[in-house]
Amino acid sequence: MFKLQPHSIRFKLIASLLAVSLFIGLLSLLVGGNLLYQSVLDEVNNRIRQDLNVAKVIYEGRTGSVRTALEITVSAPGFYAMAASGGPAEALRDINPLFRNLKLDFFGIVDVRRLCPGNPKNPGGPAGLNPLAAYVLKHRKGVSGTIVMTPEQLAHEAPALGDRADIRPLPARQDGMVGGNQEGRTGAGLPGLAIGAAVPIMKDGCMAGIIYGGFLLNGDTAIVDKINETVFENEVYKGRNLGTATIFYRDLRIATNVTDADGNRALGTTASPEVSRTVLEKGQRWTDRAKVLDDWYITAYEPITDIGGRRVGMFYVGVLEAKYRDVREKALAVFAAITLAGMAIAMGLGWLFTGRIMRPVSHLIRASAEISGGNFSPDIGPISKDDIGLLQKKFLSMTRALKRREHRQQVESQIQLIQSEKQASVGKLAAGVAHEINNPLTAVLTFTHLILRRKDLAQEVRSDLEIVAAQTERVRRIVKSLLDFSRQSALAPESTDLNRLISDTVRLMKNQALIKGIDLSFHRDDRLSPLTLDRNQFQSVLINIILNALDATGSGGKIELSVNPNSSEKGGAVIRISDTGCGIPPEHINRLFDPFFTTKDVGKGTGLGLAVSAGVIQRHGGTVKVRSAVGEGSTFIIRLPEKPAEKKTRER
């Protein structure tokens with residue numbers, strides 16, 4: 001079984017899948033959660049704007065109902081005659097039940113001579129003229145809307161109104177959001193914010209009087225509760241009103257269904273300075289999340305203007321943010337659960353799929369271990385049909401190549417071993433024979449030359465002795481070759497420019513090549529670095545191979561030498577000596593470097609030249625190979641390392 005270890009590919013694949021799943025999950029969680037929350041927030045903002053518009057309709061609708069009632073009263077048959085005969089006070093008594101049914105906080109009739117307020121015991125005068133009546137008196141037309149009433153005006157209408165209007169600001173809060181005294185407020189004699197209407201009483205195209213009525217908003221609950229009922233359907237979320245509405249005089253809450261921690265309406269608290277600046281000073285609508293008392297709301301604020309166009313307060317509606325925040329948190333929880341489930345599924349699928357993917361790899365790992373042990377035919381399991389299948393096929397090709405290489409190396413090693421043993425045996429034999437022959441041979445050659453110095457020898461005898469001397473000299477050269485082969489003299493390596501060495505060697509052999517009519521050339525390579533070798537011995541190797549090439553090549557042929565850096569190893573060089581000669585039969589290729597093997601005629605070669613050359617190349621740590629085709633020529637390929645494998649070799 002394939003073990004799951006921290007450094008294994010299977011572990012890395014599973015970890016990668018988990019990392020990708022976690023990254024995508026977290027990214028989806030963050031982006032999706034924010035997009036969802038932003039979408040919900042945008043939807044809530046759009047809703048709160050619409051809710052504010054609906055609340056304004058309710059607010060203005062109440063004002064309109066007062067004006068409608070006043071216009072119906074004025075247009076009723078006999079109203080003017082009743083007011084003219086009995087006076088405004090008599091008219092008020094007759095219409096008082098109607099206005100009481102409307103639950104008006106103040107109402108009255110004004111003529112050009114005096115004011116008759118709704119409280120008969122407190123007749124008004126010019127100083128207490130209601131702002132609605134004052135507007136109609138000035139502009140000669142009906143009006144409805146918001147007004148600010150001074151404490152004196154409230155007292156003229158009804159003493160209780162002044163007390164109701166006097167909402168004392170609460171102490172300042174640490175958060176600075178709501179609550180706190182406004183600068184310059186003392187908490188006494190606060191004006192009242194009211195809504196109402198006034199219409200003129202007309203007779204024959206002239207205004208004979210004014211009838212007015214309205215509601216004081218300070219401490220009022222009707223409008224804000226109506227908004228909560230109509231717009232928010234009195235919905236409660238976690239013990240708090242989902243929707244809230246507030247009417248501000250300036251920035252002070254005078255009517256609201258926002259409650260404090262004790263469940264009391266938060267009258268006397270103030271809006272934040274930022275909201276006040278935007279709405280009251282700049283006259284702009286403000287829509288955003290805001291902290292109201294201790295809760296966060298999605299809010300909308302809009303200025304309230306009086307009948308004179310002055311910004312005198314603010315209208316507010318808000319939706320509790322907690323509900324939508326909980327929606328986001330639930331959505332995030334769902335996303336998180338999906339992410340965790342995805343990670344669990346990814347882990348399970350990763351374990352399953354990576355097991356199937358890595359099974360062929362585990363076979364290859366075991367097969368690699370078997371190859372290290374010498375088994376070049378390991379079992380790698382069934383061949384996959386994917387990219388790993390290509391790897392398996394390449395692995396099989398590699399094992400076959402390794403097997404062939406191993407077999408080839410074994411054969412070459414056996415050949416080299418046989419060759420070494422053969423050379424060692426021949427060397428010992430040659431050394432013994434050479435020493436045994438050399439002494440009598442020297443004596444024969446010496447006495448032959450002494451006899452040849454005599455003057456009384458017949459010409460026929462002299463000719464025979466000269467033949468004896470020549471053949472003895474030839475035997476001596478053979479003996480010297482045997483001694484050279486057996487000794488294998490020590491290397492004297494030095495840094496050598498191989499291009500220059502080959503050029504010098506070619507120059508030495510140029511005359512012999514010209515005599516035979518053969519083109520001898522060399523192609524140098526200036527990329528070649530200097531090599532460490534025995535210059536004299538290696539030059540002898542080159543001369544020996546060139547001489548063999550001259551013997552094998554006829555007139556008009558070519559012999560080419562070239563050298564290149566050895567690209568298959570770190571440093572070194574490759575020398576090629578090619579000829580267009582007769583070539584070497586296949587049966588002779590493997591015997592070329594055997595001692596005493598030669599295809600030349602008797603007396604023209606000893607068969608030791610290539611054997612000695614191969615020994616010199618091997619002692620330099622190099623190799624020599626021959627490629628040949630009968631009738632097409634031969635190529636000797638010599639590969640040399642940058643430095644010889646051994647610097648000194650003992651003589652044998």
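Note that the numbering runs from 1 along the sequence shown for the chain.
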Have T244 and Y316 got a donor and an acceptor in their side chains that come within less than 3.5 Å?
-> yes
Hits for salt bridge (Lys or Arg N to Asp or Glu O under 4.0 Å) against K238, two or more places apart or cross-chain, chain-then-number order -> D326
Just checking, any donor-acceptor pair under 3.5 angstrom between side chains of Y59 and T146?
-> yes
Sequence neighbours left out, what passes side-chain hydrogen bond (donor to acceptor under 3.5 Å, both in side chains) with N228? Give chain and number order.
-> N234
Do NZ/NE/NH1/NH2 and the carboxylate oxygens of R325 and E321 come within less than 4.0 Å?
-> yes
Do the side-chain N and O atoms of E157 and N130 include a donor-acceptor pair separated by under 3.5 angstrom?
-> yes
In chain order, what residues pass the side-chain hydrogen bond (donor to acceptor under 3.5 Å, both in side chains) check against D295, with sequence neighbours excluded?
-> R240
Relative to F215, does R62 satisfy both conditions: NZ or CZ under 6.0 angstrom from the six-membered ring centre, and within 45 degrees of the ring's axis?
-> yes
Side-chain heavy atoms of I210 within contact of I201, under 4.5 Å = no
Any salt bridge between R265 and D225, counting N to O under 4.0 Å?
-> yes
Any side-chain heavy-atom pair of E302 and K56 under 4.5 Å | yes
Should I147 and L193 count as side-chain neighbours, where that means a heavy-atom distance under 4.5 Å?
-> no
Sole residue of V110, V143, L129 in side-chain contact (heavy atoms from CB on, under 4.5 Å) with Y212 | V110
Flag side-chain contact, heavy atom, 4.5 Å: L252 against P169 = yes
For the pair R250 (side chain) and R311 (backbone), establish whether a donor and an acceptor sit closer than 3.5 Å, ignoring hydrogens and angles.
-> yes
Counting distance only, does the side-chain N/O of T269 pair as donor-acceptor with the main-chain N or O of A266 below 3.5 Å?
-> yes
Checking R164 side chain against N218 main chain: does a donor-acceptor pair fall under 3.5 Å?
-> yes
Residues in side-chain hydrogen bond (donor to acceptor under 3.5 Å, both in side chains) with E43, at least two apart?
-> none
For the residue pair N257 and T221, establish whether any side-chain heavy-atom pair is separated by less than 4.5 Å.
-> no
With sequence neighbours left out, write down each residue that passes salt bridge (Lys or Arg N to Asp or Glu O under 4.0 Å) with K323, or none if nothing qualifies.
-> E235
Sequence neighbours excluded, the answer for side-chain hydrogen bond (donor to acceptor under 3.5 Å, both in side chains) partners of T278 is none
